[in-house]
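Beneath this line is the structure, given in structure tokens, with notes to follow.
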Amino acid sequence: QVRLVESGGGLVQAGGSMRLSCAASGRTASDYTMGWFRQPPGKEREFVGTINWTGTITQYADSAKGRFTISRDNAKNTVYLQIDSLKPEDTAVYYCAASGITAIATMKSQYAYWGRGTQVTVSS
């Protein structure tokens, strides 16, 4: 069992930056591939990016390339999502998730554990 808790969301102006954190606890949380997803208002939850358990491989959705950066600190059991040049369309609930299946996981179905999410609101 892995427990995930996101933090760092809030209200920010367009053009600003934000760093979200995901604290993991439970059985060998550092062994898991981690992912970030987001769910904009009225839309489906979508993939943002993923990082393998060593932190050496990352993959991003096309919409996230260039502005989003995922990193992890296994000593702290924490995964981060840095978002730069925020846009109003980045407004969403952001979720982190843990997958024990593959090195890189881009599909919701590949993730067994989910946090409750943190709201990010970008004002124009």
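In what follows, every heavy atom counts, from backbone to side chain, and hydrogens, waters and symmetry copies are set aside.
- To the nearest 0.5 Å, atom OH of residue Tyr113 and atom CZ of residue Arg3 are 14.0 Å apart.
- Val93 and Ile83 are assigned to two separate hydrophobic clusters, defined by single-linkage of ILVMFWY side chains at heavy-atom distances under 4.5 Å.
- Judged as a salt bridge (Lys or Arg N to Asp or Glu O under 4.0 Å), and not counting sequence neighbours, Arg19 has no contacts.
- When atom types are taken as modelled, the side chain of Asn52 and the backbone of Gly55 share a donor-acceptor pair closer than 3.5 angstrom.
- A side-chain donor-acceptor contact under 3.5 Å links Thr78 to the backbone of Lys76.
- The shortest distance between side-chain heavy atoms of Leu20 and Val120 falls below 4.5 Å.
- Distance alone, capped at 3.5 Å, places no donor-acceptor pair between the Lys108 side chain and the Glu46 backbone.
- Annotation: cation-pi geometry not satisfied between Arg72 and Tyr80 (NZ/CZ under 6.0 angstrom from ring centroid, within 45° of ring axis).
- One finds the CD1 atom of Ile57 at 8.5 Å from the OG1 atom of Thr33 (value rounded to the nearest 0.5 Å).
- Judged by distance alone, the side chain of Tyr32 and the main-chain N or O of Tyr111 form no donor-acceptor pair under 3.5 Å.
- Tracing side-chain contacts under 4.5 Å through hydrophobic residues (I, L, V, M, F, W, Y), one reaches Val48 starting from Val12; they form part of the same cluster.
- The closest side-chain heavy-atom distance from Ile51 to Trp36 is not below 4.5 Å.
- Taking each heavy atom of Gly9 and Met18 in turn, the nearest pair found is CA-SD, 4.0 Å.
- For residues 89-101, the set of pairs meeting the salt bridge (Lys or Arg N to Asp or Glu O under 4.0 Å) definition, not counting sequence neighbours, comprises Arg38-Asp90, Arg67-Asp90.
- In this structure a side-chain-to-backbone donor-acceptor pair under 3.5 Å is missing from Glu6 to Tyr95.
- Thr50 places no side-chain N or O within donor-acceptor distance of the main-chain N or O of Gln59, the cut-off being under 3.5 Å.
- Contact record, Leu4 with Ala24: CD2-CB, 3.6 Å, taken as the closest heavy-atom pair.
- Follow the hydrophobic side-chain contacts under 4.5 Å out from Val2 and you never reach Trp114; the two are in separate clusters.
- Among all heavy-atom pairs drawn from Met34 and Cys22, the shortest one is CE-SG, 4.1 Å.
- The backbone N or O of Val122 lies less than 3.5 Å from a partner atom in the side chain of Thr91, making a donor-acceptor pair.
- With sequence neighbours excluded, the residues that form a ring pair (Phe, Tyr, Trp, His ring centres under 6.0 Å) with Phe47 are Phe37.
- Between Ile70 and Phe68 there is no side-chain heavy-atom pair separated by less than 4.5 Å.
- Closest heavy-atom contact between Asp84 and Ser17: OD1-OG, 3.0 Å.
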Determine, step by step, whether Gln39 and Tyr94 satisfy the side-chain contact (heavy atoms from CB on, under 4.5 Å) criterion, reporting the C-alpha distance in whole Å, the side-chain angles of both residues, the deciding distance to 0.1 Å, and the verdict. CA-CA 7 Å; Gln39 187 163 12; Tyr94 284 74; over 6 Å; no

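- Between Arg116 and Val5, every side-chain heavy-atom pair lies at or beyond the 4.5 Å cut-off.
- What you find for Ser124 and Ala14 is that their closest heavy atoms are CA-CB, 4.3 Å.
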